[in-house]
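Reckoned from all heavy atoms, side chains included, excluding hydrogens, waters and symmetry mates. Both ligands and their constituent atoms are indexed starting at 1 by order of listing.
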Amino acid sequence: MGGGNHSVVSEIVLVGLTSSLEMQLVLFLVFSVFYVTGILGNLLIVLTVISDSHLHFPMYFLLANLSFIDMWVSSITAPKMISDLFKERKVISFQGCIVQMFFIHVTGGTEMVLLIAMALDRYVAICRPLHYLTIMSFRTCILLLVAAWTIGIIHSLIQHVFVVNLPFCGPNKVDSFYCDLPRFIKLACTDTYRLELMVTANSGFISLGTFFILIISYVFILVTVWQRFSGGLSKALSTLSAHITVVVLFFGPCIFVYSWPLPTMPVDKFLAIFDIIITPFLNPAIYTFRNKEMKVAVRRILSQVLSFRKLF
Ligand SMILES: *[C@@H]1O[C@H](CO)[C@@H](O)[C@H](O)[C@H]1NC(C)=O
């Protein structure tokens with residue numbers, strides 16, 4: 001059959017985060033600062049890597065691509081969430097809601113695969129240093145990126161093919177601040193048990209799977225460093241613990257939202273804030289600005305921009 005009748009539901013009402021005015025003001029300030037700083041930081045990284053030929057190496061290309069995705073991850077939901085904070089009635093069109101969910105899952109899925117690619121890059125650099133340039137060639141890099149986007153798109157398509165065909169007959173209230181797939185599905189006027197199971201399996205599988213792959217690759221790297229370089233362990237530990245922090249912050253909420261076997265709980269709507277605002281803000285700080293060459297390149301770019309302005 002298919003071809004659900006959405007004429008009854010033309011818009012979705014979002015409940016939002018809080019109704020207290022003081023809280024709204026605080027959230028408005030905090031979210032705006034995190035969002036704008038995150039976008040500027042990520043933009044700076046992309047521009048620096050593209051314009052500086054010293055940085056035309058796989059690791060920096062992958063970092064720039066991570067920043068590029070992070071800008072989308074936060075821009076899909078944060079601006080609407082921030083502008084909605086003070087609105088009495090927070091609504092989004094039915095189609096807008098589906099588009100938002102679709103892109104949340106495309107960028108989320110792509111980012112997860114990209115994080116694996118970055119861990120692979122570090123693994124090869126540390127554990128197979130002599131073969132680094134042959135293994136992580138420009139071609140491998142492009143292949144990894146194509147794989148990441150393809151997996152992200154397929155992951156999202158599989159779920160949304162079923163969602164667009166669901167029948168909706170009236171309920172249109174989503175208890176969150178963005179269109180959240182598991183909550184959206186529950187609005188359909190049909191038995192959605194199997195679809196919910198599919199979403200849990202699909203999103204749960206990709207987030208849990210990626211999480212374990214990342215943790216295992218970090219353990220491998222640490223063990224290798226520990227065996228081969230007597231003095232390198234503390235440096236490796238400090239770098240990897242920063243990475244692991246981001247991974248836990250990014251995957252924790254996803255795993256909780258999608259793989260939790262019990263009914264959704266009120267806290268998970270707050271957890272999503274980590275993925276939407278906090279990790280896109282932290283990624284540049286943790287992955288890139290701790291890197292010495294990157295710091296030098298960013299300073300070079302900034303001073304060029306500043307001296308360019310003096311000409312006018
Ligand atoms: C992503 O990586 C590719 C090479 O692997 C590079 O050519 C491209 O510029 C990068 N994209 C961004 C936005 O940094």
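Between Y218 and Y123, the distance separating the two ring centers is not shorter than 6.0 angstrom. Ring centers of F86 and F28: under 6.0 Å apart, within the cut-off. The six-membered or imidazole ring of F184 lies near that of F168, with a centre-to-centre distance under 6.0 Å.
Using a 4.5 Å heavy-atom cutoff, the side chains of W72 and E111 are not in contact.
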I would like to know whether Q100 and T77 meet side chain to side chain donor-acceptor pair (under 3.5 Å); could you show each step before the answer?
-> CA-CA 7 Å; Q100 192 183 48; T77 37; 5.3 Å; no
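Nearest protein neighbour of atom 14 (O) of ligand 1, counting heavy atoms only, is A64 CB, 3.1 Å. Shortest contact from atom 6 (C) of ligand 1 to any protein heavy atom: F61 CD2, 3.5 Å.
The closest heavy-atom contact to atom 11 (N) of ligand 1, among the options N42, T48, L62, N65, comes from N65.
Taking 4.0 Å as the cut-off, L145 counts as a neighbour of ligand 1 on heavy-atom distance.
Heavy-atom contacts of C141 reach the following atoms of ligand 1: 5 (O) (cutoff under 4.0 Å). Here is the list of ligand 1 atoms found below 4.0 Å of a heavy atom in F138: 4 (C).
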